[in-house]
Amino acid sequence: MTFIAKAREAAARGLDVISFGVGQPDAPTFPHIVEAGIRALEEGFTGYTETQGIPELRKAIADYLNERYGAGVSADEVIVTTGAKTALFVAMAAVLRPGDEVLIPEPSYPSYASTARILGARPVFVPLRWTGRGFELDVSAVEERLTERTKMIVLNNPHNPTGTVFNAQAVEELVELASRRGIAVLADEIYDNFVYEGRFRSVLESARWRDVVLYVNGHSKTFSMTGWRLGWLVADRRLIPLLRFIAENVYSCAPSISQRAGVAALRGPWEPVREMVEEFRQRRDIMVEELSKIPGVETYKPQGAFYVFPRLARLVEQLGMTVEELVEHMIYSRGVVMIPGSVFPDKAGALHVRLSYALRPERIREGMRRFREEVENLLEEKAKR
């Protein structure tokens with residue numbers, strides 16, 4: 001949010017701002033979904049609903065997960081939430097108590113650690129392994145950090161901010177480890193449709209998912225419905241009464257209109273989603289190509305989500321700047337907004353920046369051109385000193 005405010009300040013100064021910070025698709029919500037929301041309004045479907053979510057939406061969610069992942073989810077194992085963030089909070093509140101520990105592979109989406117701290121728990125960060133060609137989940141490193149206080153492990157896959165899609169074997173090993181030790185797995189798969197190569201393996205494909213998994217997903221990314229505030233939480237039915245009790249006292253229910261629209265989204269047609277994902281694959285390739293032209297930038301081709309997380313260690317060393325200083329300089333000199341890796345706790349991403357490619361291709365190319373030219377100018381000035 002700090003860097004968004006800086007971007008607005010730069011725009012107020014007259015700069016044409018190109019923001020690679022946005023974490024949402026740039027497409028409007030698909031027309032058939034909007035029409036379902038309008039129908040709900042016209043029919044007067046504007047009151048409270050069941051806290052757990054309207055039955056037809058819960059069934060649509062279960063059907064989607066079962067058709068795609070063979071998960072065997074029933075509608076009574078689904079709770080509809082006001083976005084995936086609320087699902088994260090409800091899941092953590094059900095499991096964590098003050099003094100408990102949550103293991104979080106990092107760099108990580110900031111809400112995991114923040115929510116743990118709100119609940120009095122302690123985040124314990126486990127660095128992802130940087131290979132030079134991207135990041136990998138190191139299950140042995142996770143196991144080394146387990147203590148008697150560990151009550152939850154976070155698994156965000158596909159991963160924000162790195163765009164990594166974790167190896168299927170590593171995912172299975174993590175679930176088996178958690179099951180052996182009696183530790184909950186908070187599985188956030190909000191980007192599960194943004195996978196560009198190979199087949200995505202969901203944690204719900206594990207035969208033992210009901211033993212340990214609290215599964216989070218939602219409509220925001222897949223259907224470009226960020227403002228509709230519609231997420232969902234899936235867990236073994238024995239946990240549902242507790243999760244529902246927490247939900248009831250936090251938000252009462254998800255918006256009725258959004259829920260009707262959410263049914264239409266999941267029932268299809270799915271062609272707009274496939275077209276959007278293909279467009280994002282092409283944008284990813286453009287961004288990686290352009291980043292590879294910039295001196296001192298180590299980049300890689302992420303498999304999922306819609307972020308690239310290049311490493312700038314060599315570049316900032318050559319410039320004698322920090323990543324944060326370079327990011328701020330790019331905002332006010334060229335109107336290019338990037339998010340420094342230090343925003344994504346804890347330390348493993350400190351020499352990286354996150355760039356979203358949820359922009360039109362011509363804006364990606366223009367932003368990367370500005371970035372490259374400014375880097376070349378800075379390096380030339382540095383050489384003259």
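Because only heavy atoms are used, hydrogens play no part in the values below, and waters and symmetry mates are left out as well, while side chains stay in.
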Exercise. So, are Lys293 and Glu290 salt-bridged, with charged N and O less than 4.0 Å apart?
Worked result: yes
For this session: Enter the distance from Leu326:CG to Phe371:CZ here, rounded to the nearest 0.5 Å.
Result: 5.5 Å
For this session: State, yes or no, whether a side-chain contact exists between Pro105 and Leu155 at a heavy-atom distance under 4.5 Å.
Result: no
For this session: Would you please say whether a donor-acceptor pair under 3.5 Å links the side chains of Tyr215 and Tyr69?
Result: no
For this session: Using modelled atom types only, decide if a donor and an acceptor are shared between the side chain of Thr131 and the backbone of Gly134 within a distance under 3.5 Å.
Result: yes
For this session: Check whether any side-chain heavy atom of Arg229 lies under 4.5 Å from a side-chain heavy atom of Ser220, and answer yes or no.
Result: yes
Exercise. Does any N or O in the side chain of Glu189 come within less than 3.5 Å of the main-chain N or O of Asn217, such that one atom is a donor and the other an acceptor?
Worked result: no
Exercise. Can you find a pair of side-chain heavy atoms, one from Pro123 and one from Tyr112, that are under 4.5 Å apart?
Worked result: no
Exercise. Taking the six-membered ring where the residue is Trp, are the ring centres of His352 and Phe135 under 6.0 Å apart?
Worked result: yes
Seminar exercise, completed: Closest heavy-atom pair, Pro25 versus Met276, reported as atoms and distance to 0.1 Å, is CB-SD, 4.0 Å
Exercise. Would Phe200 and Trp209 show up in the same hydrophobic cluster when neighbours are defined by side-chain heavy atoms closer than 4.5 Å?
Worked result: yes
Exercise. NZ of Lys85: more than 12 outside heavy atoms within 6.0 angstrom?
Worked result: no
Exercise. Closest heavy-atom contact between Arg68 and Asp192?
Worked result: NH2-O, 2.9 Å
Problem set entry | Approximate separation, where rounding is to 0.5 Å, of Thr49 OG1 and Ile257 CD1 | 11.0 Å
Exercise. Do His219 and Leu266 come close enough that some side-chain heavy atom pair is under 4.5 Å?
Worked result: yes
Exercise. Any donor-acceptor pair under 3.5 Å linking the side chain of Ser292 with the backbone of Glu289?
Worked result: yes
Exercise. Going only through I, L, V, M, F, W and Y residues with side-chain contacts under 4.5 Å, is there a path from Ile331 to Met321?
Worked result: yes
For this session: Evaluate whether atom CD of Glu197 has more than 12 neighbouring non-hydrogen atoms of other residues, nucleotides or ligands under 6.0 angstrom away.
Result: yes
Exercise. Roughly how far, to the nearest 0.5 Å, is CD of Glu101 from CE of Met152?
Worked result: 13.5 Å
For this session: Grab the two heavy atoms, one from Gly53 and one from Gln259, that are nearest each other, plus how far apart they are.
Result: CA-OE1, 3.3 Å
Which donor-acceptor pairs under 3.5 Å do side chains of residues 175-185 form with protein atoms, sequence neighbours excluded?
from: Ser179; atom 1: OG; to: Arg208; atom 2: NE; distance (Å): 3.3
from: Ser179; atom 1: OG; to: Arg208; atom 2: NH2; distance (Å): 3.0

Problem set entry | Ring centroid separation Phe309 to Trp130 under 6.0 Å | no
Problem set entry | Cluster overlap Ile240 with Val213, hydrophobic side-chain contacts below 4.5 Å | no
For this session: For the residue pair Arg283 and Glu279, establish whether any side-chain heavy-atom pair is separated by less than 4.5 Å.
Result: yes
For this session: Answer yes or no: is there an ion pair linking Glu381 with Lys384, defined by an N-O contact shorter than 4.0 Å?
Result: no
Exercise. So, are Asp26 and Arg363 salt-bridged, with charged N and O less than 4.0 Å apart?
Worked result: no
For this session: Give a yes or no on whether a salt bridge exists between Glu77 and Arg210, defined as a side-chain N under 4.0 angstrom from a carboxylate O.
Result: yes
For this session: Report yes if some heavy atom in the side chain of Met368 is under 4.5 Å from a heavy atom in the side chain of Phe20; otherwise report no.
Result: yes
Exercise. So, Asn193 side chain and Val195 main chain: donor-acceptor pair closer than 3.5 Å or not?
Worked result: no
Exercise. Aromatic rings Phe30 and Phe223: how do their planes relate, parallel, tilted or perpendicular, breaks at 30° and 60°?
Worked result: perpendicular
Exercise. Minimum heavy-atom separation for Pro107 to Thr162, with atom names?
Worked result: CG-CG2, 3.8 Å
Exercise. With a 4.5 Å heavy-atom cut-off, do Glu50 and Pro55 have their side chains touching?
Worked result: yes
For this session: Determine, using ring centers only, whether Phe344 and Tyr307 are less than 6.0 Å apart.
Result: no
Problem set entry | From CD1 (Ile153) to CG (Leu174), nearest 0.5 Å | 5.0 Å
Exercise. With a 4.5 Å limit on heavy-atom distance, are the side chains of Pro302 and Arg284 in contact?
Worked result: yes
For this session: Following the transitive rule for hydrophobic clusters with a side-chain heavy-atom cut-off under 4.5 Å over Ile, Leu, Val, Met, Phe, Trp and Tyr, establish whether Val337 and Met330 coincide in one cluster.
Result: yes
Exercise. So, are Glu298 and Arg311 salt-bridged, with charged N and O less than 4.0 Å apart?
Worked result: yes
For this session: Ignoring hydrogens and angles, state whether a donor on the side chain of Tyr109 or Asp188 is under 3.5 Å from an acceptor on the partner side chain.
Result: no
Problem set entry | More than 12 heavy atoms of other groups within 6.0 Å of Glu362 CD | yes
Exercise. Do the side chain of Asp138 and the main chain of Leu128 share a donor and acceptor less than 3.5 angstrom apart?
Worked result: no
For this session: Begin with the C-alpha distance, continue with both residues' side-chain angles, and end with the deciding distance and a verdict on side-chain contact (heavy atoms from CB on, under 4.5 Å) for Leu214 and Leu243.
Result: CA-CA 10 Å; Leu214 295 112; Leu243 297 169; 4.1 Å; yes
Exercise. Would you say the side-chain atoms of Ser258 pair up with the backbone N or O of Trp228, donor to acceptor, closer than 3.5 Å?
Worked result: yes
Problem set entry | Whether Glu248 side chain and Thr51 backbone form a donor-acceptor pair below 3.5 Å | no
Exercise. Would you find more than 12 non-hydrogen atoms of other residues, nucleotides or ligands less than 6.0 Å from Arg133 atom CZ?
Worked result: no
Exercise. With a 4.0 Å cut-off, would you call Arg39 and Glu42 a salt bridge?
Worked result: no
Exercise. Cationic tip of Arg260 within the cone over Phe45's six-membered ring, i.e. under 6.0 Å and within 45° of the normal?
Worked result: yes
Problem set entry | Any donor-acceptor pair under 3.5 Å from Glu328 side chain to Glu325 backbone | no
Problem set entry | Nearest atoms (heavy-atom pairs only) where Val327 meets Val353 | CG2-CG1, 3.8 Å
For this session: Answer yes or no: is there an ion pair linking Arg369 with Glu373, defined by an N-O contact shorter than 4.0 Å?
Result: yes
Exercise. Going by an N to O cut-off under 4.0 Å, is there a salt bridge joining Arg58 and Asp76?
Worked result: no
Exercise. Within 45 degrees of the axis of the six-membered ring of Tyr196 and under 6.0 Å from its centre: does Arg281 put its NZ or CZ there?
Worked result: no
For this session: Carefully, step by step, assess Ile118 and Met92 under the rule side-chain contact (heavy atoms from CB on, under 4.5 Å).
Result: CA-CA 10 Å; Ile118 288 169; Met92 285 187 158; over 6 Å; no
Exercise. Under 3.5 Å, is there a donor-acceptor pair between the side chain of Thr86 and the main chain of Thr82?
Worked result: yes
Exercise. Honestly curious: do Ile339 and Val22 fall in one hydrophobic cluster under the side-chain, below-4.5 Å linking rule?
Worked result: no
Exercise. Taking everything shown except Tyr332 itself, do over 12 heavy atoms lie less than 6.0 Å from its OH?
Worked result: yes
Problem set entry | Exercise: do Arg237 and Ser74 side chains pair donor with acceptor under 3.5 Å | yes
Exercise. Which is it for Leu359 and Phe306 under the side-chain contact (heavy atoms from CB on, under 4.5 Å) test, yes or no, and what are the steps along the way?
Worked result: CA-CA 10 Å; Leu359 293 84; Phe306 37 79; over 6 Å; no
Exercise. Checking side-chain contact (heavy atoms from CB on, under 4.5 Å) for the pair Phe166/Arg201: CA distance, chi angles, key distance, verdict?
Worked result: CA-CA 9 Å; Phe166 295 127; Arg201 188 186 191 283; over 6 Å; no
Exercise. Between Thr81 (side chain) and Gly83 (backbone), is there a donor-acceptor pair under 3.5 Å?
Worked result: yes
Seminar exercise, completed: On a heavy-atom basis, the closest approach of Arg334 and Asn377 is NH2-ND2, 3.4 Å
